[in-house]
Amino acid sequence: MNAPFRPPTPSSAFLQSAKDLLGPKGWSEAPDALDEHATAWRGAIKGETPFAAYPSATEEAAALLKLCNDHGVAVTPQGGNTSLVDGGTPHGEIVVGMKRMNAIRAVDPLNNSLVAEAGCVLAAVQEAAEGAGRFFPLSLGSEGTAMIGGLISTNAGGVAVLRYGMMRDLLLGLEVVLPDGRVWDGLNLLRKNNTGYDLKHLFAGAEGTLGLITAASLKLFPQTAKATAWVCTPTAQAAIELLALVRDHAGDTVTSFELVPANAVAMVMEDAPKVRDPLPHEADWRVLMELSMADAAHANETLENALGEALERGLAVDAAVAASVAQAKDFWRIRETIPLSKRAYGTSVNHDVSVPISAIPAFLEAAGAAVRGIAPRAEIVAFGHIGDGNIHYSACEPADADEPVLRGVSAEIMAAVHQTATAHGGSISAEHGVGLLKRDEIAELKAGPEIDMMRAVKAALDPKGIMNPGRVVET
């Protein structure tokens, strides 16, 4: 792991000014609270912070950042603290937590838009959209804790990217406090606004290094009916061809297309005994797919027709279409339990890579050979959003190992998988971001002037380097 930046300790004068500004409910120095902020949710990354600030309004956040800028105090913005790449864990910086800025400011169903503050959890935005007869499509396992500001800052993906895109594709506008305390009010509600640089996309995926997102205007969509299927398929190549076939039948109504290996299903069954395998089969792979259409009967008919052809062509060897919402949730529960079961399974070396969809089978074969060349007994669990080329690739300790087989080789395994993804035209960070964990590796992989341009943007917006220093790009 890259060495974290260690900022100077804030002065007592700064701390007193921050406390006076924020009021008694707007800050904490309690050891338990600071420890929670400084511990990544999986517990593997541990940092430290001397102070946590909780602004309650944009004006308060602006005054706080101006104070930080004037005193040279480094800041780590933090939402739900669900980062996986050491992007939101403080290493001496003060934390600016957004939990008090959690209002839904406006919902406009005729404009298909919603304005939410950065501290709104994703589930609250989904519920507000549903209450207005609309749908917000971002969906991921941490939606009960992940906050809108953090989701934008990491350009979150999730299971519906295939149809709706990533978080930046769901943005209409942003409100951002710049490092010097100025407020950029870019909360427009327009689909067309061709008046210069599209600045909101600078902050989507910037991981808090350019400013503090305080609110966002988001795209909503019509509510749809879903048809969901769990499919056994013989090979990864067959799964890729199955995706093409289903899209030929259903077009862009294919919302999700998730690849799950048989060993991951077995792992979930062992770890979560109340979860049932819907189609026990000796095939090596499963696909969880979902269509979204206005009419449920049409969605199910389209899906059944596609699966009928898939069975005839040998791209599927068995399939079940969910007969109810409850059964669809049971299918999804298997997929969503994999990360938790994998953690219970033991030590693992985890990767978040993407490759062109057509390259997925070759990547899986090459990565498997590379990992087993380093740790022959490693259990490989490769699953994810193959509809958009995103594979969550893990090398795990085998369940029957008497001694750890990954000890001392995790860095070598990670390098091998990343090199394999790059060799197949891919990326070493599909949806989890860069943070501190991948910063130096990204710098080595970016071609030509790309890193120089990133550094120039950082220097222009944050010349004192107070915003999440050391993450994404070293300056």
Kindly check if the number of other-residue, nucleotide or ligand heavy atoms within 6.0 Å of CZ (Arg407) is above 12?
no

In this structure, are over 12 heavy atoms from other groups packed under 6.0 Å from Glu304 atom CD?
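Counting neighbours around CD of Glu304, more than 12 heavy atoms of other residues, nucleotides or ligands fall under 6.0 Å, so yes.
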
State whether the side chain of [X] and the backbone N or O of [Y] hold a donor-acceptor pair below 3.5 Å, judged by distance alone.
| X | Y | result |
| --- | --- | --- |
| His281 | Ala283 | yes |
| Asp198 | His201 | no |
| Asn111 | Ser113 | no |
| Thr89 | Gly47 | no |
| Arg377 | Val405 | no |
| Ser256 | Val159 | yes |
| Ser354 | Gly389 | no |
| Asn305 | Glu301 | yes |
| Arg333 | Ala328 | no |
| Ser427 | Ser429 | yes |

Could you check if a side-chain atom of [X] sits within less than 4.5 angstrom of a side-chain atom of [Y], using non-hydrogen atoms only?
| X | Y | answer |
| --- | --- | --- |
| Asp318 | Val231 | no |
| Leu114 | Asp108 | no |
| Leu210 | Asp462 | no |
| Val287 | Leu259 | yes |
| Trp230 | Val265 | yes |
| Asp352 | Lys438 | yes |
| Ile104 | Cys120 | yes |
| Glu175 | Arg105 | yes |

Side chain to side chain contact (heavy atoms under 4.5 Å, CB included) between Leu291 and Thr302, worked out:
CA-CA 9 Å; Leu291 309 187; Thr302 302; 4.1 Å; yes

With sequence neighbours excluded, residues passing salt bridge (charged side-chain N to carboxylate O under 4.0 Å, His left out) with Arg168
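For Arg168 there are no salt bridge (charged side-chain N to carboxylate O under 4.0 Å, His left out) partners, ignoring immediate neighbours.
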
For Arg335, the salt bridge (charged side-chain N to carboxylate O under 4.0 Å, His left out) test, sequence neighbours excluded, returns Glu258

Pair Arg247-Asp252, salt bridge (charged side-chain N to carboxylate O under 4.0 Å, His left out): steps then yes or no:
CA-CA 7 Å; Arg247 296 192 82 174; Asp252 285 338; 3.1 Å; yes

Which atom of [X] lies closest to which atom of [Y], heavy atoms considered:
| X | Y | value |
| --- | --- | --- |
| Gly157 | Glu431 | CA-OE1, 3.3 Å |
| Gly387 | Leu243 | CA-CD2, 3.9 Å |
| Ile428 | Val353 | CA-CG1, 4.2 Å |
| Thr209 | Arg471 | CG2-O, 3.7 Å |
| Leu171 | Ala216 | CD2-CB, 4.1 Å |
| Val125 | Ala116 | CG2-CB, 4.0 Å |

Yes or no on side chain to side chain contact (heavy atoms under 4.5 Å, CB included) for Val246 and Met289, after CA distance, side-chain angles and deciding distance?
CA-CA 9 Å; Val246 175; Met289 66 179 74; 3.9 Å; yes

Extract all donor-acceptor atom pairs below 3.5 Å that involve side chains of residues 409-421 and protein atoms in other chains or at least two apart in sequence.
unit_1	atom_1	unit_2	atom_2	d
His418	ND1	Glu441	OE1	3.1
His418	ND1	Glu441	OE2	2.8
Thr420	OG1	Ala416	O	2.7

Run Leu178 and Val183 through side chain to side chain contact (heavy atoms under 4.5 Å, CB included) and show every step you take.
CA-CA 6 Å; Leu178 301 177; Val183 177; over 6 Å; no

Which pairs count as side chain to side chain donor-acceptor pair (under 3.5 Å) when at least one residue sits in residues 121-142, sequence neighbours excluded?
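Listed by first then second residue: Asn112-Arg134, Gln126-Glu143, Ser139-Glu143.
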
Exercise: do Asn263 and Glu379 side chains pair donor with acceptor under 3.5 Å
yes

Just verifying a value: how many Å separate [X] [atom1] and [Y] [atom2], rounded to the nearest 0.5 Å?
| X | Y | atom1 | atom2 | value |
| --- | --- | --- | --- | --- |
| Leu245 | Leu307 | CG | CG | 8.5 Å |
| Cys232 | Arg286 | SG | CZ | 4.0 Å |
| Thr253 | Leu162 | OG1 | CG | 9.5 Å |
| Asp169 | Met166 | CG | CE | 8.0 Å |
| Leu303 | His298 | CG | NE2 | 11.5 Å |
| Trp285 | Leu242 | CH2 | CG | 14.0 Å |

Could you give all pairs that pass the ring pair (Phe, Tyr, Trp, His ring centres under 6.0 Å) test and reach residues 125-169, with sequence neighbours left out?
Phe135-Tyr164, Tyr164-Phe221

Stepwise salt bridge (charged side-chain N to carboxylate O under 4.0 Å, His left out) check, Lys329 with Glu336
CA-CA 10 Å; Lys329 288 182 177 179; Glu336 291 166 352; over 6 Å; no

Where does the angle between the aromatic ring planes of His385 and His392 fall among parallel (under 30°), tilted (30 to 60°) and perpendicular (over 60°)?
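His385 vs His392 ring planes: perpendicular.
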
Test of understanding: with side-chain hydrogen bond (donor to acceptor under 3.5 Å, both in side chains), list the residues that count as partners of Thr228, not counting sequence neighbours.
Glu290

Show your reasoning for whether ring-ring contact (aromatic ring centres under 6.0 Å, His included) applies to Tyr393 and Phe383.
CA-CA 7 Å; Tyr393 191 96; Phe383 66 100; 10.0 Å; no

Could you walk me through whether Gln78 and Val96 satisfy the side chain to side chain contact (heavy atoms under 4.5 Å, CB included) test, starting with their C-alpha distance in whole Å, then the side-chain angles of each, then the deciding distance to 0.1 Å, before giving a yes or no?
CA-CA 6 Å; Gln78 195 174 90; Val96 178; over 6 Å; no

